[in-house]
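Everything below concerns the one structure shown next.
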Amino acid sequence: MRPPAPSAASSSSYSQREPRPENPLLLLPSSRVTKLSLGCPLLDRLLSGGLPAASVTEIAGESATGKTQLCLQLALLAPQSPLSASSLFLHSDLPFPLHRLRRLAPKSRPDILDHVLVAAAHSPTDLLSLLARAQRLLANPGRSPHRLPIRLILLDSVASLFRADFDASPADLRRRSALFFQISAKLKELAYRHQCVVVVTNQVVDVLEGGAGNTVAWSSGRRVSPALGIAWANCVNTRLFLTREVDRDGASGGARRRMKVAFAPHLPERYCEFVIRRDGVFGVEPAERLERLECAGGLRSSYIYQHH
């Protein structure tokens, strides 16, 4: 016998009692969420203050768009920021750019490099082992009284870990997806439990046709998408997509680079241009970009774009 249909009143009361999933970033006022500045007011404005703690942010882009440069910059900013933290820099692309890190370090803070811990990850299982060790470090910060507690974890890059040992067979695809979720679960656990800022870089692949639901953008005249597909896209909270465009006549003396918020639980989709200088990565103000292009014979301007 079919049970009676619920009345309007009972249906209403049920909908009020029904639990609804909530994003933890949306449960807190933005002023209470700890954020790590990128060291540039324009980039911080794009990200509404910086990269949030208790969250996993992916920085995707092709080679030479500035992914590693941003990670080095963040590692040096963390000890000087309100986060007051050391960073754990896990790298899978060898060798680690130590020379560049030293050049970026402020001369007034010779001790700043003491707060950057570096370790190499050669495979997904190797990374999981390092994250387990990191969990012990985070749980016992008092073991190194001369070093600030770790609250920034950087992984450069996740795609490099999956270059080998996997093919297109269904079994390998399932195994790869399972590793995605294991890595993501551990990163999110560390981020949430210890209020860490977690940043992961990712490479790109060419998109021949369609997009299969993944993020797609033009970079260096190619349609590209972040590597590892939809399975990995569902493993991060925020995706920043870096692209570059080389002027055809080469008059501007370099590439136009853009940082785009592809998706985020707390930000609209928008982007701004930036440049890579000897002293770091910085957003470009409209007047500055216009002046650079006018000197080179161009007439274009740049500002933060927001899609409505």
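We use all heavy atoms of the structure for the numbers below, so side chains are in, but hydrogens, waters and symmetry mates are not.
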Can you see whether Ser157 engages Asn202 through a side-chain donor-acceptor pair at a distance of less than 3.5 angstrom?
no
For the side chain of Lys67 and the backbone of Ala60, is there at least one donor-acceptor N/O pair under 3.5 Å apart?
no
Between Arg100 and Gln69, is any pair of side-chain heavy atoms under 4.5 Å apart?
yes
Side chain to side chain donor-acceptor pair (under 3.5 Å) evaluation trace for Glu62 with Ser220:
CA-CA 9 Å; Glu62 66 169 315; Ser220 297; 2.5 Å; yes
Looking at side-chain heavy atoms only, is the closest gap between His115 and Ile150 below 4.5 Å?
no
Option among Leu90, Val200, Leu127 that satisfies the side chain to side chain contact (heavy atoms under 4.5 Å, CB included) test with Val158
Val200
Matching residue for Thr65 among Ile59, Leu242, Thr201 - test: side chain to side chain contact (heavy atoms under 4.5 Å, CB included):
Leu242
Would you kindly confirm whether Leu74 and Leu98 end up in one hydrophobic cluster when ILVMFWY residues are joined by side chain heavy atoms under 4.5 Å apart?
yes
For Asp44 and Leu38, which heavy atoms make the closest approach, and how far apart are they?
OD1-N, 2.8 Å
Student check: side-chain heavy atoms of Leu43 and Val281 closer than 4.5 Å:
yes
Would Arg257 and Thr243 count as having a side-chain donor-acceptor pair, cut-off 3.5 Å?
no
Nearest heavy-atom contact between Pro265 and Thr238 is CD-OG1, 3.6 Å
CA sep, side-chain torsions, deciding dist, call: Gln203, Ser160, side chain to side chain donor-acceptor pair (under 3.5 Å):
CA-CA 8 Å; Gln203 299 165 1; Ser160 299; 3.0 Å; yes
Are Ile276 and Phe241 joined in one hydrophobic group, where the rule is that I, L, V, M, F, W and Y side chains link up if heavy atoms are under 4.5 Å apart?
no
Is any side-chain heavy atom of Leu70 closer than 4.5 Å to a side-chain heavy atom of Met259?
yes
Side-chain heavy atoms nearer than 4.5 Å, only ILVMFWY residues, links allowed to pass through others: does that put Leu128 and Phe162 together?
yes
Less than 4.5 Å apart, side chain to side chain, heavy atoms only: is that true for Lys35 and Leu51?
no
In terms of heavy-atom contacts, does CZ of Arg133 have more than 12 from other residues, nucleotides or ligands at under 6.0 Å?
no
Taking the side chain as every heavy atom from C-beta outward, state whether Ser92 and Asp156 have any pair of such atoms under 4.5 Å apart.
no
Contacts of type ring pair (Phe, Tyr, Trp, His ring centres under 6.0 Å), residue Phe96, not counting sequence neighbours
Phe89, His91
Using the rule that Ile, Leu, Val, Met, Phe, Trp and Tyr join whenever any side-chain heavy atoms are under 4.5 Å apart, tell me whether Val216 and Val224 fall into a single cluster.
no
For the side chain to side chain contact (heavy atoms under 4.5 Å, CB included) test, which of Leu113, Val118, Ile112 pairs with Leu101?
Leu113
Is any side-chain heavy atom of Ser86 closer than 4.5 Å to a side-chain heavy atom of Arg151?
no
Same hydrophobic cluster for Leu161 and Val204, using side-chain heavy-atom links shorter than 4.5 Å among ILVMFWY?
no
Salt bridge flag under 4.0 Å for residues Asp172 and Arg174:
no
With a distance cut-off below 6.0 Å to the six-membered ring centre and an angular limit of 45° from the axis, does Arg258 pair with Phe274 as a cation-pi contact?
no
side-chain contact (heavy atoms from CB on, under 4.5 Å), that's the test. Do Arg103 and Arg278 meet it? Break it down for me.
CA-CA 8 Å; Arg103 287 182 58 186; Arg278 291 176 61 89; 2.8 Å; yes
